[in-house]
Amino acid sequence: MQNIVKRFMTLVSVVLGLSFILGAFPASVHAEDLIVVGFSQVGAESDWRTANTKSMQDTFVEANGYRLIFDDAQQKQENQITAIRNFIQQEVDYIVLAPVTETGWDTVLQEAQDAAIPVIIVDRMIDVSDDALFTAWVGSDFKLEGDKAVEWMLETQAEELKIVHLQGTIGSSAQIGRSEGLEEGVEANEGWEIIAQQTGEFTQAKGQEVMESILKQHEEINVVYAENDNMAFGAIDAIEAAGKTVGVDGDIVVISFDATRAGLDATLEGKINYNVECNPLHGVRVDALIQQLEAGEEVDKLAYVEEMTFDATTITQDDIDAREY
Ligand code: AHR
């Protein structure tokens, strides 16, 4: 009997010892097999960005064979450059960059190329001297998004329009494309006039602040063209606080971009007249690119995401329920 107890105790201590060893060094055991991804995110300026971060964080998990090193740059390019340099030092397998602005990436991406680390750009585009500095890009056609909004204005709005233009972060592809779309529309339509054009930096607070000051300077406003949902929310708050109404049957038409869940709620409510989708679910798309590269396959250099539009007069609750974010 004593012998059996002794053997049982030995077995227990071996099992405990093994689990201690495995538990003490989980990273080194797994690191060998995991693909390490360094992701430099712009920040957390909007609902869209939150959904984009979640999509990346949900995808690049151990269960899918990844270790994610996530960095939030708080809207500053210098923070993104520092993050990329850290990723290079840590010898990550892939660098994924959601760039705050288009320019200013040549030097740091050259450093990544010298270290033989593939760079995948997501969401916004970059403007570099040599396209070989990045392996692939996946994101939205922001100019097309702007064109869709202009087309809707042509089909539904009057020939004479006084437009307030709330721009996103200046120098970002999302701002450049959406602004170009509107500016071309105004150029082509004599009766359209941009009476105020200012950045709201893609945030609700800044959108509200800018709109409040514009409302003090302009009595007649027909359309607010807000380059994302959060700035549209801020603008709506400012307009309502000034005693005016928005949306369908309101004093001021509101056009927005992103079509996040909250944005679509406001569209269904009739406060946003027209919402152009910008799809943030890039996690699975970047994963697919990495898997192709791991398999030694060629990848498309540029991949544009297909996007929808939502009109307040036709949107349904089912459209919102179908939304993944
Ligand atoms: O680059 C995509 C844009 O960035 C989204 O429209 C905006 O909400 C975000 O902050």
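Residues: numbered from 1 along the sequence shown. When a ligand or atom number is given, it counts from 1 through the structure's own listing order. Small disclaimer: the values here were computed from a predicted structure and weren't measured.
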Compute the minimum heavy-atom distance from Arg178 to ligand 1 and say whether it is under 4.0 Å.
yes
To the nearest 0.1 Å, how far is atom 10 (O) of ligand 1 from its closest protein heavy atom, and which atom is that?
Glu45 OE2, 2.4 Å
Protein residue, atom and distance nearest to atom 2 (C) of ligand 1, heavy-atom basis:
Asp123 OD1, 3.3 Å
Please report which non-hydrogen protein atom sits nearest to atom 4 (O) of ligand 1, along with the residue it belongs to and the distance in Å to one decimal place.
Arg124 NH2, 2.9 Å
Could you tell me if Asp321 and Gln317 have a donor-acceptor pair between their side chains, going purely by distance under 3.5 Å?
yes
N or O contact, Trp48 vs ligand 1, cut-off under 3.5 Å
no
Test ring pair (Phe, Tyr, Trp, His ring centres under 6.0 Å) applied to Trp137 and Tyr304, step by step
CA-CA 9 Å; Trp137 168 86; Tyr304 288 95; 4.9 Å; yes
Ligand-side contact atoms (ligand 1) for residue partner Ser46, heavy atom cut-off under 4.0 Å:
7 (C), 8 (O), 9 (C), 10 (O)
Report the member of Asp258, Val100, Asn52 with the shortest heavy-atom distance to atom 7 (C) of ligand 1.
Asp258
Are the side chain of Gln110 and the backbone N or O of Asp106 linked by a donor-acceptor pair below 3.5 Å?
no
Distance to the ring centre below 6.0 angstrom and angle to the axis at most 45 degrees; does that hold for Lys301 and Phe134?
yes
Test side-chain contact (heavy atoms from CB on, under 4.5 Å), reference Asn230, set Arg49, Gln204, Glu201, output is Gln204
How are the rings of Trp152 and Tyr274 set to each other: parallel, tilted or perpendicular (split at 30° and 60°)?
parallel
